[in-house]
Amino acid sequence: MTLQPPCRVLVIDDSALVRQVLSELLAADPGIEVVGTAADPLLAREKIKRLKPDVLTLDVEMPRMDGLAFLENLMRLHPLPVVMVSSLTERGADTTLQALALGAVDFVAKPKLDVARGLEAYAEEIRAKVKMAARSRVSASASLQRRPAMPIARSAAIGFRTTDRLIAIGASAGGTEAIRVVLESMPADAPAVVLTQHLPASFSTAFAERLDKHSAMSVREATDGEAILPGHAYLPAGGRHLRIIRDGARWRCRVDDTAPVNLHKPAVDVLFRSVAQSAGANAIGVILTGMGEDGARGLLEMKQAGATTLAQDEASSVVWGMPGSAVRLGAVDDVLPLEKITERLLVLAHS
């Protein structure tokens, strides 16, 4: 059996401490080789040509050229898998979402205080994301945001009615852009959508606002107990789980702070299992790009409850971990390229 060579990583950060800590954390994994470091994007550009890394880690805020400008040039001229290193702040969240739109594969959070110890606490996550990035498809994520912006036509407020369909979507790595692509083609009166995307607590508000700008639907952070309405999309706030409960003829959001599931909070399995129990055959489940297996078993429960289930195909996924796991488990009725998913959802919603 042939052993895979280690993935070659270039660490780009203006902080000498962060460069040292990240290099040591990554090099501790035999599947990773740190081939160099760079203090700014201009130095990085030369080292990319000379060292030919498989993956970059990139700080968002950099001297001489900010990380977003560098990333945009990189993805246009010499696409490479990039894992962003961003701060857990409101500004950091917005910038990181912009980076994901430009083609970055994923991100890790850099704590504001005691950076070295904070990064060490996430060592396994950092290493896993770098190795996953080495196997990812950067061209897919880089090309999605090239689509021209569509004018958003908001409808008048939609009052409560019993919905025929409920759409549940789960995603992880690459999912912030995949979810945007799905929602931006949804009409204002589309069936209600409930979402779970793996994000840290401080990122959820910026993510909801970004999706709301790109969709005719009203996209919001869910509040505990609120009724689920057509024309609205809901995602959990503040790193909490989102569940769906039935209340007579309607569905409501249940947002809670219970323990992580599959190491995630929010977890896709939590959402999908609740949809299986509360909506059954009235639901449609969609699992999009993401690392790991979260959501696969929940999607199977949805299918067993009579829901129609879809998965993003491997060619259009940044990482075919979650969708691939669901397909192998027998949880998926149909596998589709990302650009075909909204069309299929709308057909199913009216069938």
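Residue indices begin at 1 and follow the sequence shown. Side chains included, hydrogens not; waters and symmetry mates left out as well; all remaining heavy atoms used.
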Taking all non-hydrogen atoms of both residues, which atom of F272 and which atom of L299 are closest, and how far apart? CD1-N, 3.6 Å
So D54 and P81, do their side chains get closer than 4.5 Å, heavy atoms only? no
Grouping I, L, V, M, F, W and Y whenever their side-chain heavy atoms are under 4.5 Å apart, do V318 and M84 come out in a common cluster? yes
Nearest non-hydrogen partners of A222 and C253, listed with the distance: CB-SG, 3.8 Å
T223 side chain to E226 backbone, donor-acceptor under 3.5 Å: no
Do the side chains of V82 and L56 get nearer than 4.5 Å, heavy atoms only? yes
Test of understanding: with side-chain contact (heavy atoms from CB on, under 4.5 Å), list the residues that count as partners of T176, not counting sequence neighbours. L97, L100, Q197, L199, F207
Would you say the side-chain atoms of T309 pair up with the backbone N or O of D333, donor to acceptor, closer than 3.5 Å? yes
Counting distance only, does the side-chain N/O of D13 pair as donor-acceptor with the main-chain N or O of D59 below 3.5 Å? no
Not counting sequence neighbours, which residues clear ring pair (Phe, Tyr, Trp, His ring centres under 6.0 Å) with H198? List them please. H264
Could you tell me whether the side chain of D269 and the main chain of G295 form a donor-acceptor pair under 3.5 Å? yes
Between the NZ atom in K52 and the CG atom in L10, the distance rounded to the nearest 0.5 Å is 13.0 Å
How long is the straight-line distance from CD1 of I126 back to CG of D29, given to the nearest 0.5 Å? 12.0 Å
Give me the one residue out of D257, D256, T258 that meets side chain to side chain donor-acceptor pair (under 3.5 Å) with K265. D257
Quick check against the 3.5 Å criterion: does R127 have a side-chain atom that pairs as donor or acceptor with the backbone of L25? yes
Minimum heavy-atom separation for P30 and A28, please, with both atom names. CD-O, 3.7 Å
To the nearest 0.5 Å, how far apart are CG in L348 and OG1 in T308? 5.0 Å
Would you say the side-chain atoms of D334 pair up with the backbone N or O of L310, donor to acceptor, closer than 3.5 Å? no
Can you establish whether the number of heavy atoms outside R252 located under 6.0 Å from its atom CZ is more than 12? yes
By the side-chain hydrogen bond (donor to acceptor under 3.5 Å, both in side chains) test, which pairs, at least two apart or in different chains, include something from residues 32-47? D40-R64
Check whether any side-chain N or O of D224 sits under 3.5 Å from a backbone N or O of V255 as a donor-acceptor pair, and report yes or no. yes
Hey, does V60 have a side-chain heavy atom less than 4.5 Å from the side chain of F107? no
Could you give me the CA-CA distance, side-chain angles and deciding distance for K129 and E125, then say whether salt bridge (Lys or Arg N to Asp or Glu O under 4.0 Å) is met? CA-CA 6 Å; K129 288 186 174 182; E125 177 188 352; 2.8 Å; yes
D313 meets the side-chain contact (heavy atoms from CB on, under 4.5 Å) criterion, sequence neighbours left out, with A315, S316, V335, P337
Looking only at heavy atoms, what is the nearest atom pair of S185 and L346, with distance? O-CD1, 4.4 Å
Heavy-atom donor-acceptor pair, R8 side chain to L51 backbone, under 3.5 Å: yes
Cluster overlap V270 with L288, hydrophobic side-chain contacts below 4.5 Å: no
With heavy-atom distances below 4.5 Å as the criterion, would you say the side chains of V219 and L235 are in contact? yes
What verdict does the side-chain hydrogen bond (donor to acceptor under 3.5 Å, both in side chains) test give for T96 and S86, after you've listed the backbone C-alpha separation in whole Å, the side-chain angles of each residue and the deciding distance to 0.1 Å? CA-CA 7 Å; T96 301; S86 61; 3.0 Å; yes
The single option from H350, M186, K340, R165 that satisfies side-chain contact (heavy atoms from CB on, under 4.5 Å) with L345 is M186
Can you find a heavy atom in the side chain of F70 that is under 4.5 Å from one in the side chain of I12? yes
CD-NE2 distance between E209 and H214, expressed to the nearest 0.5 angstrom: 12.0 Å
With sequence neighbours excluded, what pairs up with S204 under the side-chain hydrogen bond (donor to acceptor under 3.5 Å, both in side chains) test? E221
Looking at OG of S172 and CE of M132, how far apart are the two atoms once the value is rounded to the nearest 0.5 Å? 7.0 Å
E293 atom CD, over 12 foreign heavy atoms within 6.0 Å: no
Ionic contact status for R297 with E301, cut-off 4.0 Å: no
Could D94 and R210 be called an ion pair, given the rule that one side-chain N must be under 4.0 Å from one carboxylate O? no
Hphob cluster co-occupancy, L300 + I167, side-chain heavy atoms under 4.5 angstrom: no
Around atom CG of L43, are there more than 12 heavy atoms from other residues, nucleotides or ligands closer than 6.0 Å? yes
Donor-acceptor check, side chain of H241 to backbone of A259, threshold 3.5 angstrom: yes or no? yes
Is there a side-chain contact between V182 and V286 in this structure, where contact means two heavy atoms from C-beta onward sitting under 4.5 Å apart? no
How does the hydrophobic cluster around L77 look, that is, which other residues are in it when side-chain heavy atoms under 4.5 Å mark a link? none
V11 and R19 have their tightest heavy-atom pair at CG1-CA, 4.1 Å
Side-chain heavy-atom pair D189, P230 within 4.5 angstrom cut-off: no
L71 to L102 - nearest heavy-atom pair and separation: CD2-CB, 3.9 Å
V9 and Y122: same hydrophobic cluster, using ILVMFWY side-chain contacts below 4.5 Å? yes
Can a donor-acceptor pair be found, under 3.5 Å and without considering hydrogens, that links the side chain of S215 to the backbone of L211? no
Distance (rounded to the nearest 0.5 Å) between T289 OG1 and I179 CD1: 10.0 Å
Do L74 and L42 sit in one hydrophobic cluster, given that two such residues count as connected whenever their side-chain heavy atoms are within less than 4.5 Å of each other, even indirectly? yes
